Protein chains: 2
Amino acid sequence: MAIVDTVKFMTNPARVVPSPVLKRLTDYYTTVQGLTAEGVEWVSSSRLADVLGLTSSTVRQDLSHLDFAGVSKRGYRTSGLEKALACALGADRIWNMLVVGAGNLGRALVLHPEFRRRGFMIRAVCDSDVFKTGLKLRTLEVQRMNQIPQAVKEHAIDIGVIAVPEDAAQGVADLLVEAGVKGLLNLTPTHITAPEGVAVTDARILASLQELTHTLMGK
Amino acid sequence: MAIVDTVKFMTNPARVVPSPVLKRLTDYYTTVQGLTAEGVEWVSSSRLADVLGLTSSTVRQDLSHLDFAGVSKRGYRTSGLEKALACALGADRIWNMLVVGAGNLGRALVLHPEFRRRGFMIRAVCDSDVFKTGLKLRTLEVQRMNQIPQAVKEHAIDIGVIAVPEDAAQGVADLLVEAGVKGLLNLTPTHITAPEGVAVTDARILASLQELTHTLMGK
DNA sequence: TAGATTGTTAATCGATTAACAATC
DNA sequence: TAGATTGTTAATCGATTAACAATC
C-alpha cells in the first residue's frame, strides 16, 4: 500500500496543466492585473466567472492548478493570485526572442511596446530580403538569415517568431530549430512541424477572423 | 413515431459546428489550399490527419459537418473540399472591416496584403489621437472616432477590429456595437463583453506567447 | 456564531477515438 | 473482384458542472 501511495505521489507532481485550463489562466491573469491596478484586494471565483463568462466551479478547478490557495469566505487575494498566475505563465521573467521577417507584421511586433513591457524582449530581427538588411527598427538592425545561428547563441534566444510569408514558414521554423530555439511563435496560417523538444504555438490571427466570419454567416 | 422523426429532422439542421471542429476547419482549409496549389487532386482523411497531427477519425468526423462528401477508396477531391471549406468559413466572400487604432498593430493590419487577398477588406481606420487624423495608410486616411457610425453605414462594415491600448478596448467595442457592426475582432488581451447578437473573437497574440512560455518552463 | 466561499469529489456532458459495415 | 477509404455508430476519454463538507 505504502508503495502504491509513493508511486501516486511520484507521478502526480509531473501534472500538466490541460490546454483549455492554460488558455483560461491567461484570461485570469489579465483580469486580475486589472483588478490589482484598480486597488481591488479580494476576488471570488464567482466574480471572476461573471467577468469571463464561466462558472465559479470552473474557476476554482482551474486555480487549483496554481501554487496558491484562496481563503474561505473571502476569496482570493488579488496580489497573491496575480503573482501565482505570473509565475505559472512565465510572465515574471524575461524571454529573449528573435523575429524572422521584417514585413508589416514583424515590424509591428518589434515596434509594439507592449511586448517589451511584458518581458518579451526582441533581441534580433532577420529577413531574407537583402534590401532590408541594415534597415533600422528602433535600436535593431535587420540582419541576414545566415546570422540566425549566431544571434540565437549571442542573445540566448528562447523563442523564434515566424513572421514571413506562408510558404516560407516551415523552412524558417527548421532554421530556428537548427539554431537551437526552444519555442516557436507562428504568425502564419500554415501548420508548422517541429521536433518533440520544441514547443510551437500558433497566433491564428487569420483563423480567428475565419471563425468569426463562420459565425457571422449564421445570422 | 412519425412525429418524433419530424421533430428530430426539424431540430437537426440548426446544427452548430462545435468550436474545436471550427478551429480545425481553418487548418484543413489552409492545408487543402496548399494541396490544390501543388496540383494534388485527391487527399485522404489519414493524409490530412498526418499533416495536422490528428487521427483520421477526427478528420472524417469534422468533414462530415461540411456540405461535401468524400469518395470511398479515393478520399476527398481537393478542389471540392477547398470550396466546401471556403463556403463554411465565409472565405468565398468579401467582408468589410473597420480598424480602430492606428498604432503599430493597426497599421500592420491595414498594410498587410494577406488580409485583402483573402477577402478581408479594411475600408476605414479610426484613432482617438487627433494628431493621427488625416494620416495616410495606403489609400486610407485615419479618421476621428466620431466618424465611426458614419463609416459603418457608408461601407456596410461587417467587422470592427479593436487595435487600441488595453484599457480602451471595452469602450471601443461599445462604440462599434452601437454603430451596428455584427462582429468584433479583439486584438487586445482584455476580455470583451458584447450583447448576444454580436460575435466576438480574440486574436490572443499575447496569450499565445504566454501559453508558449508556460510550456517552455517545464523544460 | 452564522454565513459565505473555498477545495474537492462525484455526476454530467461533450469531444475524440475505435471499429466496422457500406461502397466504389 | 479485392482492397482501400468513407461515413457513422458505439466506446472511451477528458473537461465542465453540480454539490457539499470543510473552514475562516
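Because the structure is predicted, anything quoted here is derived from the model rather than measured. Quick note on labels: first sequence line is chain A, next is B, and so on, each numbered from 1.
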Both A:Ser57 and A:Ser72 contact DNA chain C. Taking the nearest nucleotide for each, which residue is further toward the 5' end? A:Ser72

Between A:Leu48 (CG) and C:dT6 (P), how many Å, whole number? 9 Å

Measuring from the side chain of A:Arg60 (C-beta onward, heavy atoms only), which nucleotide among D:dT6, C:dC24, D:dA19 has the closest atom? D:dA19

Can you tell me if A:Thr55 touches the phosphate of D:dT17, counting only side-chain N or O atoms and a distance under 4.0 Å to OP1 or OP2? yes

Can you tell me the distance, in whole Å, between the CG atom of A:Leu66 and the P atom of C:dT8? 13 Å

Is the side chain of B:Asp27 donor-acceptor paired with the backbone N or O of B:Thr31 at a distance under 3.5 Å, no angle test? no

Starting at the 5' end of DNA chain C, which residue's closest nucleotide do you reach first, B:Thr58 or A:Gln61? A:Gln61

With a non-hydrogen cut-off below 4.0 angstrom, is A:Ser45 in contact with a base, only sugar-phosphate, or nothing? sugar-phosphate

Using a 4.0 Å heavy-atom cut-off, does B:Arg47 contact any base of the nucleic acid, only the sugar-phosphate backbone, or nothing at all? nothing

Provide, to the nearest angstrom, the distance between the CG atom belonging to A:Leu81 and the P atom belonging to C:dT5. 16 Å

Between D:dA18 (P) and A:Leu54 (CG): distance, integer Å: 13 Å

How many whole angstroms separate atom CG of B:Leu25 from atom P of C:dA15? 13 Å

Answer yes if the side chains of A:Ser44 and A:Ser46 hold a donor-acceptor pair under 3.5 Å, and no otherwise. yes

Does D:dA15 have OP1 or OP2 under 4.0 Å away from a side-chain N or O of A:Arg24? no

Selection from C:dG7, D:dG7, C:dT6 that lies nearest to any side-chain heavy atom of B:Ala69: D:dG7

How does DNA chain C look in dot-bracket notation if pairs are Watson-Crick or G-U with both distances under 3.5 Å, crossing ones as [ ], other-strand ones as |? ..||||||||||||||||||||||

Can you check the A:Arg77 CZ to C:dT5 P distance for me, whole Å? 16 Å

Tightest non-hydrogen contact, residues A:Thr188 and A:Ala169, listed as OG1-CB, 3.6 Å

Regarding A:Arg204 and B:Thr26, do their side chains bring together a donor and an acceptor under 3.5 Å, going by distance alone? yes

Using the side-chain hydrogen bond (donor to acceptor under 3.5 Å, both in side chains) rule, collect all pairs that involve residues 59-70 of chain B, keeping only residues at least two apart or in two chains. B:Arg24-B:Asp62, B:Tyr28-B:Asp62, B:Ser45-B:Arg60, B:Ser56-B:Arg60

All heavy atoms of B:Ala194 vs all of B:Val200, minimum pair found to be CB-CG2, 3.7 Å

A:Leu52 atom CG is separated from D:dT16 atom C1', nearest whole Å, by 16 Å

Taken to the nearest 0.5 Å, the spacing of A:Thr30 OG1 from A:Glu82 CD works out to 10.5 Å

Mind calculating the distance between CH2 (A:Trp42) and C1' (C:dT6) to the nearest angstrom? 11 Å

Where the side chain of A:Val71 is defined as all heavy atoms beyond and including C-beta, which of D:dC24, D:dG7, C:dT5 is the nearest nucleotide? D:dC24

